[in-house]
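Note that these values count all heavy atoms, side chains included, but never hydrogens, waters or copies made by symmetry.
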Amino acid sequence: MSDENTGEPLAAVSRAIEAGIDAAHPRTVIADAVTVEDGHLSVGDSDYSLGFDRVVLLGGGNAAATAAAALETVLGDALDGGVVVTDDPVDTGIVEVIEGTHPLPSAANVAGTEQVLDCARDAGADTLALVVITGGGSALLAQPVDGLALSELREITDELLAAGASIGELNAVRKHLSASKGGQLAEALAPATTVGLLFSDVVGNREDIIASGPLTPDETTYADAVAVLERYGIEPPTAVKEILAAGERGERAETPVPGEEYVEHVDTHILADNRTALTAAAASLEADGYPVTILGDEIEGEASDVGQVHAAIAESCRAHEQPFAPPIALVSGGETTVTVDGDGVGGPNQEFALAAALELDSGVVAAVDTDGLDGASGVAGALLDANSVEDESRIREVLDTNDAHSYLAERGGVIETGRTGTNVNDLRVVLVADQ
């Protein structure tokens, strides 16, 4: 990450963002959490024998390939192969990497998911299956159910994203239109011993929502999926409507539910989450001499609204030394959304940063999506100080039309990292310097 801005507060925030992303990268996380010794695999406090006839690695998500490469280093000759689907491919030794697309699924995603499912179905009681599940897995592990075309799955996904549906709502629909989500990958793997290695991009770390829970029983139903579409006033493609209606009538089987026998063979571990990034960012800021408070890692809502609230807290600190006396760095995470009403490309972290900077009299604000892609904008997020924001009426127009990216890009306010190799949700910093 490059920082062309000058001034210690800007540089400190830039370093903190970089530290947060690096801490959540699979190479860092797996080196700390996964070891092999004397024919045993240790993941955290759990231990697994490597004495199976086959050890395979499967998975999907933005960070699936970087995780696979890191696991190959740890496992060495104990690993017999596997396949992962990702939009961020890297070189691996024996694990096949299928390059797909995100956030909308493509034919490559479908073909890759079918390979993952075929490998899962080939697993038996003599197989140890390591399954990497990361953010982005809902789109990348995409295999439409019978009777549904890929174009129809893309259409309904796009409509839900544009409507500002939460990740839980979006996944409730996708689980019931997919052959791998909502516990169905675990079902395909049974009776193999299955170890899930999860990188969470979900508020609250709900394993049934991370990548639509391919290893986790599904607590949502067809009726829940229908209710999501009704809530946002979405008229789905005919095939989607018919499939969900048939499920409501009991003519299609529900996704696997809690208590199914196959879950006895599944053990899951969350290796990294949003708190991983926030903690590292906070440590970086403290090393630069700024006291830190973490406001939370479960903050959701419309990006511009959340930005205004963060700015209000920062201004209270500056003006009244409440709830914290400056200097103070306010760090937060979670996932904001953008309801796209205008012609812009959204970008929740850029909208957050611009809305916050607009309300700040002084200070620095930054926000990124840790995967390096803030919505469809092609950049990670934004880094601004209050002095760089001018022309209030123009900025409010930009926010109303969801065109924060164009405005910020013209003024050098965006953060460009490229694909980072990880995905643990959003990372935000608002720095209030000394008076």
Per the side-chain hydrogen bond (donor to acceptor under 3.5 Å, both in side chains) rule, what does the pair list look like for residues 62-72, sequence neighbours excluded?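 Every pair satisfying side-chain hydrogen bond (donor to acceptor under 3.5 Å, both in side chains) with a residue in residues 62-72: N62-D87, N62-N423.
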
Listed by chain and number, what are the salt bridge (Lys or Arg N to Asp or Glu O under 4.0 Å) partners of [X], not counting sequence neighbours?
X	value
E315	R318
E335	none
D122	none
E397	R394

How close do [X] and [Y] get, heavy atom to heavy atom, and via which atoms?
X	Y	result
G421	P26	O-CD, 3.1 Å
V257	P217	C-CB, 3.5 Å
A70	R27	CB-CA, 4.0 Å
D126	F52	O-CB, 3.4 Å

With no hydrogens and no angle check, just 3.5 Å: does a side-chain donor-acceptor pair link [X] and [Y]?
X	Y	result
N349	D369	no
T220	D218	yes
E254	T221	no

So how far is it from I17 CD1 to L427 CG, rounded to the nearest 0.5 Å?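 Going from CD1 on I17 over to CG on L427, the span is 4.0 Å.
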
Calculate, to the nearest 0.5 Å, the distance between atoms CD1 and CZ belonging to I133 and F199 respectively.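 Those atoms lie 11.5 Å apart.
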
Can you list everything that forms a side-chain contact (heavy atoms from CB on, under 4.5 Å) with V110? Sequence neighbours excluded, please. Q143, P144, L150

Holding to ring-ring contact (aromatic ring centres under 6.0 Å, His included), I want the full list of residues that pass it with H176, two or more places apart in sequence or in another chain.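 Partners of H176 under the ring-ring contact (aromatic ring centres under 6.0 Å, His included) test: Y222.
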
Tell me, please, which residues at least two apart from H405 pass ring-ring contact (aromatic ring centres under 6.0 Å, His included). none

Using side chain to side chain donor-acceptor pair (under 3.5 Å) as the criterion, list what pairs up with [X], not counting sequence neighbours.
X	value
T157	none
S106	T101, N109
D22	none
R121	E114, D118

Side chains of [X] and [Y] in contact at under 4.5 Å (non-hydrogen atoms):
X	Y	answer
T86	V97	yes
P214	K181	no
L383	V13	yes
I98	Q115	yes
I270	S200	yes
L71	V132	yes
F352	V306	yes
V43	L41	yes

Lys/Arg N to Asp/Glu carboxylate O, [X] vs [Y], below 4.0 Å:
X	Y	answer
R275	D273	no
R54	D80	no
E359	R396	yes

